[in-house]
Amino acid sequence: MKTIEVINRNVLGTVSEADINGLQARANEAMEKLHKGTGAGNDFLGWLHLPSETAEALLDDINATAKCFDDCEYVVAIGIGGSYLGAKAVIEALSDSFAAYKPADGPRVLFAGQNIGEDYLHELKGLLRGKKFGIIVISKSGTTTEPAIAFRMLREMLEAQEGKDFAAKHIVAITDAHKGALRKLATEEGYKTFVIEDNVGGRFSVLTPVGLLPIAVAGFDIKALIAGAKSMEEATAGAGNIAEKYAMTRNALYNAGKKIEILVNFNPKLHYFGEWWKQLYGESEGKDGKGIFPAAVDDTTDLHSMGQWIQEGERTIFETVISVGDAKYTEVIPSDEANLDGLNYIAGRRVDEVNKMAELGTCLAHVDGGVPNILVTIPELSEKYLGELIYFFEKACGISGYILDVNPFNQPGVEAYKKNMFALLNKPGYEAESAAIQAKLK
Ligand code: PA5
């Protein structure tokens, strides 16, 4: 059966089997903490059995809700961090690179609220002016500033353009069951809502309505995504699984001084998968003065910008390469009689074959340059295998965080910038902080 695999292709020059296996007891403890709910952050383990416990009725409801946007040209998914990156990653991975998230007979999915760019919002409003559009607003807390600003602006525009009645039928809110400004507003305005359960943190929420509704609107098969995740949930339930192996290997490398992990893809559709992965591992592990720094590159593009550093810079990095088995389409390099570009030696070969040789050649070069290499293979980019990959990285993240001895499910450090921003903006309730920060700036 095809499935994703993890191969420690070239890590043994840096760490030994004994170094990796020496973490087995920690991995066993981590698995027990996850499965028995005895570790730090155990009130955020709702993601662990999400795939097997997601009701068919919920998926049907999400698919039916997605259909309500069929009369729209665009649907704007508003959210940030964990309320944005999962959907963006899956939609990018599955979409035609040039049809920009537009299924054959449905609306095109756009994103907002993931930044505070005035020009971004202006240009988005320009695109939406005079067009029928809908909104999916996603915020677990219901109070995050970035999505709240985007939602206020786009809701006002939608109501002005199409009327309050149309807007109420074309806005879906995904938020806490009871708390937060968004829940209150949704109740008052009668929006359709989905709940983000208390026990699922933002970065682990892609397999909830947070990720599933935008993915369904973009025309993709959320049941296949969940089925893939479910098969990985089963595959990583017991001892000696691939999530443990990845978690142990990366921690052994970290202990050996490899402080930076670069997630590498050789498929441009995986750019945002790297962004999602960075949040997952960065927010989960970067605390208490510890944690592997998660970076990502898109090769071969970034070999022409970051390749020099990776090959010869400070030797504190290792790479985890996501290798995609089959390209979806076939494109063959043509023969050319004049051969002025000298490419006839690869004429008749598939573009993907050249890409695969670039991938292998890069790995060998980087290993020779002192960059250990973990390989994660995925048979193809499809809903099923992306579901597997998502759950694999989530499970490995939980295990890895516990091996590192941090709480993988909190993110206390994220509040620091918000406190300063609110103080600088004189938000009511922040009077003391405002005075303190103004004094600091003098
Ligand atoms: O992982 C997290 O918890 C964060 O990235 C949140 O998802 C992000 O800050 C958005 O929060 P909220 O959904 O409450 O608006």
Side-chain angles (χ1 to χ4, degrees), residues 40-48 50 76-90 111-117 135-155 171-186 191 193-215 272-287 291 294 296 390-391 393-398 400-401 406-422 427:
N42 56 3
D43 43 348
F44 283 97
L45 290 174
W47 58 273
L48 191 64
L50 251 184
V76 187
I78 298 178
I80 194 166
S83 293
Y84 152 67
L85 282 165
K88 177 85 173 165
V90 173
F111 291 89
Q114 80 282 34
N115 58 47
I116 325 180
I135 297 173
I136 303 168
V137 54
I138 308 166
S139 178
K140 185 177 178 189
S141 62
T143 54
T144 307
T145 308
E146 292 89 337
I149 292 172
F151 183 47
R152 179 184 278 216
M153 292 174 71
L154 295 181
R155 179 168 64 103
I171 294 176
V172 177
I174 306 177
T175 189
D176 184 271
H178 309 288
K179 302 186 296 282
L182 183 57
R183 168 59 56 186
K184 192 162 174 278
L185 184 71
Y191 301 150
T193 62
F194 288 97
V195 170
I196 312 175
E197 299 296 344
D198 279 347
N199 62 1
V200 182
R203 58 189 174 276
F204 288 86
S205 70
V206 54
L207 300 174
T208 73
V210 169
L212 297 177
L213 182 59
I215 292 167
Y272 274 94
F273 195 88
E275 297 301 301
W276 170 82
W277 173 91
K278 273 164 41 183
Q279 186 203 358
L280 182 65
Y281 280 80
E283 267 188 8
S284 299
E285 296 193 319
K287 54 197 69 161
I390 286 167
Y391 190 87
F393 278 122
E394 288 182 348
K395 185 70 179 276
C397 185
S400 185
V406 297
N407 174 353
F409 306 113
N410 66 2
Q411 56 285 327
V414 178
E415 295 311 309
Y417 97 91
K418 293 184 190 170
K419 203 176 103 199
N420 284 348
M421 178 177 75
F422 294 148
K427 183 174 177 172

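Residue numbers count from 1 along this sequence. Ligands are counted one by one from 1 in listed order, and the atoms in each one are counted from 1 as well. What you see is a predicted model, and the numbers here were worked out from it, not measured in a lab.
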Open item on the list: Treating Tyr191 as the side-chain partner and Leu185 as the backbone partner, does any N or O pair qualify as donor plus acceptor under 3.5 Å?
Closed with: no

Open item on the list: Parallel, tilted or perpendicular, judged at 30° and 60°: which one describes the rings of Tyr84 and Phe111?
Closed with: perpendicular

Task: Contact check: Lys418 vs ligand 1, nitrogen or oxygen atoms, below 3.5 angstrom - done: no

TODO: Would you mind listing which atoms of ligand 1 come within a distance below 4.0 Å of any non-hydrogen atom of Gly81?
DONE: 5 (O)

- [ ] With heavy atoms of Ser139 as the reference, note each atom of ligand 1 found under 4.0 Å away.
- [x] 12 (P), 13 (O), 14 (O), 15 (O)

TODO: Please say whether Ile138 places an N or O atom under 3.5 Å from an N or O atom belonging to ligand 1.
DONE: no

Task: Donor-acceptor under 3.5 Å (Arg183 side chain, Ala177 main chain) - done: yes

Task: Nearest-0.5 Å distance that lies between atom CG in Asn199 and atom CG in Asn42 - done: 10.5 Å

TODO: For atom 2 (C) of ligand 1, grab the closest protein heavy atom and report residue, atom and distance to one decimal in Å.
DONE: Glu283 OE1, 3.4 Å

Open item on the list: I'd like to know if the side chain of Lys179 and the backbone of Lys140 have a donor-acceptor N/O pair within less than 3.5 Å.
Closed with: no

Task: Heavy-atom nearest neighbour in the protein, as seen from atom 3 (O) of ligand 1, with distance rounded to 0.1 Å - done: Gly202 N, 3.6 Å

TODO: Starting from atom 8 (C) of ligand 1, locate the nearest protein heavy atom and write down its residue, its atom name and how far away it is, to 0.1 Å.
DONE: Ile80 O, 3.5 Å

TODO: Indicate yes or no for a side-chain donor-acceptor contact from Tyr272 to the backbone of Gly86 under 3.5 Å, with no hydrogens or angles considered.
DONE: no

Open item on the list: Considering non-hydrogen atoms of the protein only, which is the closest contact for atom 7 (O) of ligand 1, and what is the distance?
Closed with: Gly82 N, 3.0 Å

TODO: Could you check atom 12 (P) of ligand 1 against the protein and tell me its nearest heavy-atom contact, residue, atom and distance included?
DONE: Thr144 OG1, 3.3 Å

Task: Per-atom contacts of ligand 1 with Ser141, taking only distances under 4.0 Å to non-hydrogen atoms - done: 12 (P), 14 (O), 15 (O)

Open item on the list: With heavy-atom distances below 4.0 Å as the criterion, list the atoms of ligand 1 near Gln279.
Closed with: 1 (O), 2 (C), 4 (C), 5 (O)

- [ ] Look at the side chain of Thr144 and the backbone N and O of Glu146, then say whether any donor-acceptor pair between them is shorter than 3.5 Å.
- [x] no

Task: Lys287 (side chain) donor-acceptor with Asn410 (main chain) under 3.5 angstrom - done: yes

